[in-house]
Peer 1: 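Here it is, the structure in full.
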4 protein chains.
Amino acid sequence: MGRPRSEEARRAVLDAAYAILVETGLGRFSTEAVASRSGVARTTIYRWWPTRGLLAIESFLDAFRAQLVYAETGDPLTDFRALLDSLVRVLSGPAGLVAASVMAEAQSDPETRRVFLEVFSVPLRRESARLLGRGIEGGVLRADLDLAVVLDAAVGAVYMRLLLGQPLDADWSNRLADTVLRGCLPGPDR
Amino acid sequence: MGRPRSEEARRAVLDAAYAILVETGLGRFSTEAVASRSGVARTTIYRWWPTRGLLAIESFLDAFRAQLVYAETGDPLTDFRALLDSLVRVLSGPAGLVAASVMAEAQSDPETRRVFLEVFSVPLRRESARLLGRGIEGGVLRADLDLAVVLDAAVGAVYMRLLLGQPLDADWSNRLADTVLRGCLPGPDR
Amino acid sequence: MGRPRSEEARRAVLDAAYAILVETGLGRFSTEAVASRSGVARTTIYRWWPTRGLLAIESFLDAFRAQLVYAETGDPLTDFRALLDSLVRVLSGPAGLVAASVMAEAQSDPETRRVFLEVFSVPLRRESARLLGRGIEGGVLRADLDLAVVLDAAVGAVYMRLLLGQPLDADWSNRLADTVLRGCLPGPDR
Amino acid sequence: MGRPRSEEARRAVLDAAYAILVETGLGRFSTEAVASRSGVARTTIYRWWPTRGLLAIESFLDAFRAQLVYAETGDPLTDFRALLDSLVRVLSGPAGLVAASVMAEAQSDPETRRVFLEVFSVPLRRESARLLGRGIEGGVLRADLDLAVVLDAAVGAVYMRLLLGQPLDADWSNRLADTVLRGCLPGPDR
DNA sequence: TAATAAGCGAGACGGTACGTCTGGTCTTACC
DNA sequence: GGTAAGACCAGACGTACCGTCTCGCTTATTA
């Protein structure tokens, strides 16, 4: 009952949060700043986003979702490359700063880490694993592939460059895919 | 001239900073807390460590240095595995939490990022690259290896698991080395 | 709109400020000390009293007001003596220390001086001048009295003894009135 | 034994202290500021002037002494007027700000008050009292004069205007002398 | 003429208080 | 019952000075 939640306020908060993260990073990302920028009262923000981290995550996902391409050409290797490339492309833009902010926040707030894993990291891994799995089934990838570790290496490289502030671009993304996939091809142990 | 810097105070500050980062992470890592725990005056801390991040880095390096093994058996691949394993072993302990804190801090303080890169990341890469380079010279690794990307993948995987709070252990470290090195061996492009 | 100001907090601050000034003088009169003694947050104090001096003045006036007697017997000379006596009596007590503190503070803060003049000094002079004016009208005081200077002499003597830490008592107050008024009586220039 | 005190340092400190008090008042009068302005080490200042107040007093007296005229024309009333005028003239200049600062400091430091009384206030009163005393002896002033109170009124008026930031000039000084002396002349009690 | 004792500049140290910023919580009025 | 406004307590921020404490260097006196 009572007055329904204001969608207007929700949008204003998420937009302001995203903008602040993109423009100035975590440093100036305070409830105070979001409130003043969005014109929404601080109390209202606290009501719906109990912690800074959760607000950051939501504003990130909100902007990130649907930007990631889960294309399906039939060729698992091509699809995997495309997925990696898509990830890199998105993270090289403003959303990258927001993602990095969320990971930083996660270091001091376990709840933020949990939600980040759950809503972003795990689904991404699941999809990637599915593609590689189809490669195995199709015989284009080694049957004894250590899937988890391959994904750690591929995705970890992206995260690392993001967090260290090193450039992410399509060329690098291709070289990453080359390097990772080369170890996944079938063939004799040399 | 003037009164010489107190080595005692320096040690107390670094120890307290390290302990706080290990025990409670960045959340409670304030100059205030370090001062009160170390018994050193807040002004003294500011005199030597102008920002939180630099204090975190120094306390991390101080504890990290010499824990990392740069062994040299003559076999570059074995040495590379040992280095990776050593990195994982150190980061799986308390120093890992401190490293993660520093990386988080680096997201909001460019100076922290710069120093972290300079004093930790770059030297580690340099050493790793040297080992792989010797493998190429010796013919046990492909001549056309994309060294930079291989290191991104190997080290990135470690960073990622660290930051996402996922376990780092010797078994995983070995599997990571297996996976990474497999793609580096010489052989026909398949 | 918004939450209304807490009268409780206001009282606690003024009382604590007054008590500190009385007990230890300006030396230990810090926002910090008032906050800790009153139990009111430092930020709340800053919200309402932007400077130390204004807080001191308000706590002084708050305690001083209504202690000063503006009696009216019909005889202006008697009333003037009573006013002077009343001033001396009040300033010889705890409020005297607070008044002295405010005057000291006024030496380094023009705003404090301005407010002190406006809310304390000027009204006191106005009332005194009114009494003496009625004496002139009634013919008991010289018509060519230099009112401003007479008040400078009468009130200045009180201020001076207060600031130099010399005793203020009824006997002295009477002698002061005698001395000042003697020069104000009508009579031939001798 | 040992190295003798540096007169150069002493002068530099007193000059700097005086200049600071004149230019910015007590607000910026810190040992730090005096040290940095004078080029003398902070420790050296503390060696010779244990408290702020004593430094202020010394720098004041140093500049004030000999500015005050104790002329002696033979006519005590004229001499008294001259003394008052001289006091007003000196205090209306830069030394006035310094004197006011010292009195302010005296409110939080009893030692400062004691020394101020001893080296400035008491000698001034003594000289003034001597002049008025000669007036009584000569019969130009009432024999039953309340000397202490007359001086309180005369000097107090000057102090008060100084501390309240009100102008001190020769005209006012003459009117003050007129007003005060009028009550001191012999004649019937009216 | 060397030792020595005090003065001095430099600058670190443990502290206190500053005035500001932000975090969360609360209370009130309005919608 | 949601929302805006804004007060409240709490506590960290980075800075300015405080008064004390080593230091190493300088300068007279005295042995």
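To find a chain, count down the sequence lines: A is the first, B the second, and so on, and within it residues start at 1.
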Peer 1: Please round to the nearest 0.5 Å and tell me the distance separating atom CD1 of D:I20 and atom CG of D:L97.
Peer 2: 14.0 Å
Peer 1: Suppose we screen for salt bridge (Lys or Arg N to Asp or Glu O under 4.0 Å). Which residues come up paired with B:R114, at least two apart in sequence or across chains?
Peer 2: B:E111, B:E118
Peer 1: Send over the distance from D:E7 CD to F:dT27 C1', rounded to a whole Å.
Peer 2: 16 Å
Peer 1: Measure the distance from CZ on C:R52 to C1' on F:dA16 and round it to the nearest whole Å.
Peer 2: 14 Å
Peer 1: At less than 4.0 Å, is any side-chain N or O atom of C:T44 found next to OP1 or OP2 of F:dA7? Yes or no.
Peer 2: no
Peer 1: Sugar-phosphate atoms are those with a prime plus P, OP1 and OP2; base atoms are the rest. Using that split, label each nucleotide of nucleotides 25-31 of chain E B, S or - for protein heavy atoms under 4.0 Å, 5' to 3'.
Peer 2: BBBBB-B
Peer 1: Rounding to an integer number of Å, can you tell me how far B:L55 CG sits from F:dA12 P?
Peer 2: 15 Å
Peer 1: For C:S59 and C:L14, which heavy atoms make the closest approach, and how far apart are they?
Peer 2: CB-O, 3.6 Å
Peer 1: Short question: side chain of D:Q107, backbone of C:L163 - any donor-acceptor pair under 3.5 Å?
Peer 2: yes
Peer 1: Take the angle between the ring planes of D:F60 and D:F120 and call it parallel below 30°, perpendicular above 60°, tilted in between.
Peer 2: perpendicular
Peer 1: Tell me the interatomic distance from D:I45, atom CD1, to F:dC17, atom C1', rounded to whole angstroms.
Peer 2: 13 Å
Peer 1: Hey, are A:R11 and A:D15 close enough for a salt bridge, meaning a charged N less than 4.0 Å from a carboxylate O?
Peer 2: yes
Peer 1: From CD1 of D:I20 over to P of F:dC17, roughly how many Å is that when rounded to an integer?
Peer 2: 10 Å
Peer 1: Give a yes or no on whether a salt bridge exists between C:R37 and C:E32, defined as a side-chain N under 4.0 angstrom from a carboxylate O.
Peer 2: no
Peer 1: Can you tell me how far C1' of F:dC9 sits from CZ of C:R5, to the nearest Å?
Peer 2: 16 Å
Peer 1: Please check if the side chain of B:S38 supplies one atom and the backbone of B:V34 the other of a donor-acceptor pair under 3.5 Å.
Peer 2: yes
Peer 1: Within 45° of the six-membered ring axis of D:W48 and under 6.0 Å from that ring's centre, is NZ or CZ of D:R5 located there?
Peer 2: yes
Peer 1: Atom CZ of D:R11 and atom C1' of E:dG7: how far apart are they, to the nearest Å?
Peer 2: 19 Å
Peer 1: List in numerical order all residues of residues 25-41 of chain B for which some heavy atom is under 4.0 Å away from an atom belonging to DNA chain F.
Peer 2: B:S30, B:T31, B:E32
Peer 1: Taking 4.0 Å as the cut-off, does a side-chain nitrogen or oxygen of D:W48 come that near to OP1 or OP2 on E:dG7?
Peer 2: no
Peer 1: Whole angstroms only, please: what is the CZ-P distance between B:R47 and E:dG14?
Peer 2: 8 Å
